Protein chains: 2
Amino acid sequence: MSKIPKILVVDDDPDIVEILRYNLSLGGYDVKSAANGKEAIKKAKIFLPEIILLDVMMPEMDGIEACSLIKEIPSLVNTRIIFLSARSEDYTQLSAFDAGADDYISKPVKPKILLKKIESIFKRLNKKNEEITLIDLGEVKIDRNSYLVYLKNKEIALPRKEFELFYLLASKPGKVFTRDEIMGKVWGSEVVVGDRTIDVHIRKLREKIGVLYFKTVKGIGYKFNQ
Amino acid sequence: MSKIPKILVVDDDPDIVEILRYNLSLGGYDVKSAANGKEAIKKAKIFLPEIILLDVMMPEMDGIEACSLIKEIPSLVNTRIIFLSARSEDYTQLSAFDAGADDYISKPVKPKILLKKIESIFKRLNKKNEEITLIDLGEVKIDRNSYLVYLKNKEIALPRKEFELFYLLASKPGKVFTRDEIMGKVWGSEVVVGDRTIDVHIRKLREKIGVLYFKTVKGIGYKFNQ
DNA sequence: GCAGCATTTAACAATTACTTAATATTGTAA
DNA sequence: TTACAATATTAAGTAATTGTTAAATGCTGC
């Protein structure tokens, strides 16, 4: 993601808008604001924010209604909406989620929590775009949704690391993944584990999926062959 | 929704009652009125309105007290209550919501705003009724309306958290829900509870519904299997 | 304020996943 | 072919996650 993430803040109380705007700006976001539901919808259409912070209680059009309307605008279907409210009862939460809310923060808003939430939403957004939930190679299928692998329609459950490794290799059949690449993507670049760890996992995969699928390229790494 | 929506207007000032009655009638609603809290409760029990407009300041029994009492009447639990008040301070709003109010309009009431609010409440009410309240997987049925679970036609009552967890997992059979996901959707993302809380609830479900339905995906989360 | 249930915590056990270490085997370049 | 570095194979050790209980805490209706 290269662009600066955009956030629209909607609250009828200018003080709250200012506090939020200040904190979010510090967090490096591109912030705009609106004072009510109507204005929010108008501005959102032009601004196209990734996230909208929406007060539940507002004059004229309340947040829940605004949320419903926003969710119906095609260019904003992927916009995440976070509600702000003084009440945190189940009732409100429920109708908020019915209206299409993605998260919920109760007032008074603590800047740290807010920023954390926003960050985690962006992380999720980016992840979603990268990830495909199903790799379908005919004989072999890998379903991230259920964390299952299908081999000739036989269902196989794999432990996490094996699954991730398999998923990585199968994401580009025929491509050779270097050990460094595998290490970085499956284990994370900070984790330090021994040389043999990858081999052992490959072995497990060969055992469970079939030897011929996993080709060693000596000195380089491994590749998956259909 | 085929019936004409019913609204009960409660205010000690006959002029205000008349204005509201006039505007709401134009809006196509079936309107009745009461002049104080006591009368309101009496009439509400018979009239069974979907919405009650309740003045906060009234002689004898104020709106907040009346609201609390109304919310305790079983046949009126689904009735939405909108407060009317000359004051719009936070203080009033808070105690109104504590009493179970669903919305709030400050006087002088602008007919347009009033009608819009009412309309949006009805829209929400209807939407809720339309929404899937029953998950039917054959052997297993989960009914949101009654908060009951049917297992091979045997009725099982679950406590709220267990129910919500079950409902979430069963909403997408086969999908693995991560612990974070479960936490966010069942507990709310702000709530902080210990690591073992989810496990304990899963355990209860396994105990009551059956072990084989709930699959652990170690390192990821849980999924429901039919 | 108390009874009864719901929910959470905490401590520990059990299980599973992951890593390592030791050794064997393989592929390849000289 | 030989030497040797890279990889394979095991089994065992270690770490991480989840399961289980019981007890503590919270909550709700009387």
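The structure displayed is predicted, hence computed values, not measured ones. The chains referred to below are lettered A, B, ... by the order of the sequence lines, with proteins before strands, and numbering in each begins at 1.
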Protein-nucleotides 6-9 of chain D N/O pairs closer than 3.5 Å?
from, atom 1, to, atom 2, distance (Å)
D:dA6, O3', A:G219, N, 3.4
D:dT7, OP1, A:G219, N, 2.8
D:dT7, OP2, A:R179, NE, 3.3
D:dA8, OP1, A:R206, NH1, 2.9
D:dA8, OP1, A:R206, NH2, 3.4
D:dA8, OP1, A:T216, OG1, 2.4
D:dA8, OP2, A:Y222, OH, 2.4

Range on DNA chain C touched by chain B - first to last nucleotide, heavy-atom distance under 4.0 Å = C:dA6 to C:dA17
Are any protein N/O atoms closer than 3.5 Å to N/O atoms in nucleotides 27-30 of chain D? If there are, list each pair with its distance.
none

Residues passing the side-chain contact (heavy atoms from CB on, under 4.5 Å) test with B:V31, sequence neighbours excluded, are B:V9, B:R21, B:L24, B:S25, B:Y29
If you find the nucleotide of DNA chain C closest to B:L158 and the one closest to A:I198, which residue's nucleotide is nearer the 5' end?
-> B:L158
Side-chain (B:K161) to main-chain (B:H201) donor-acceptor, under 3.5 angstrom | no
Among all residues two or more places apart in sequence or in another chain, which pass the side-chain contact (heavy atoms from CB on, under 4.5 Å) test with B:L69?
-> B:I41, B:M61, B:E72
Hits for side-chain contact (heavy atoms from CB on, under 4.5 Å) against B:V191, two or more places apart or cross-chain, chain-then-number order -> B:W187, B:V193
Output yes when A:R160 and A:E164 qualify as a salt bridge under the 4.0 Å nitrogen-oxygen rule, no when they do not.
-> no
What pairs of residues pass the salt bridge (charged side-chain N to carboxylate O under 4.0 Å, His left out) test when at least one of them lies in residues 171-181 of chain B, not counting sequence neighbours?
-> B:K175-B:E181, B:R179-B:D199
Please collect all ring-ring contact (aromatic ring centres under 6.0 Å, His included) contacts where either partner lies in residues 133-160 of chain A, sequence neighbours excluded, each pair once.
-> A:Y147-A:F163
Axis bend over the full length of the helix from C:dG1-D:dC30 to C:dA30-D:dT1, computed from five pairs that close each end, to 10 degrees | 40°
Examine A:R206 relative to A:Y213 and say whether NZ or CZ is less than 6.0 Å from the centre of the six-membered ring and inside a 45° cone about the ring axis.
-> no
Could you tell me whether the side chain of B:K141 and the main chain of B:N153 form a donor-acceptor pair under 3.5 Å?
-> no
A:E65 bridged to B:K117 by N-O distance under 4.0 Å | no
Pairs involving residues 30-39 of chain B, ordered by first then second residue, that meet salt bridge (charged side-chain N to carboxylate O under 4.0 Å, His left out) (sequence neighbours left out) = B:K38-B:E60, B:E39-B:K43
Closest-nucleotide ordering on DNA chain C, the 5'-leading residue of A:V192 and B:V193 | B:V193
Could you tell me which residues satisfy ring pair (Phe, Tyr, Trp, His ring centres under 6.0 Å) with A:F166, sequence neighbours excluded, listed by chain and number?
-> A:F214, A:F224
With sequence neighbours excluded, residues passing side-chain contact (heavy atoms from CB on, under 4.5 Å) with B:D13 | B:D11, B:D15, B:I16
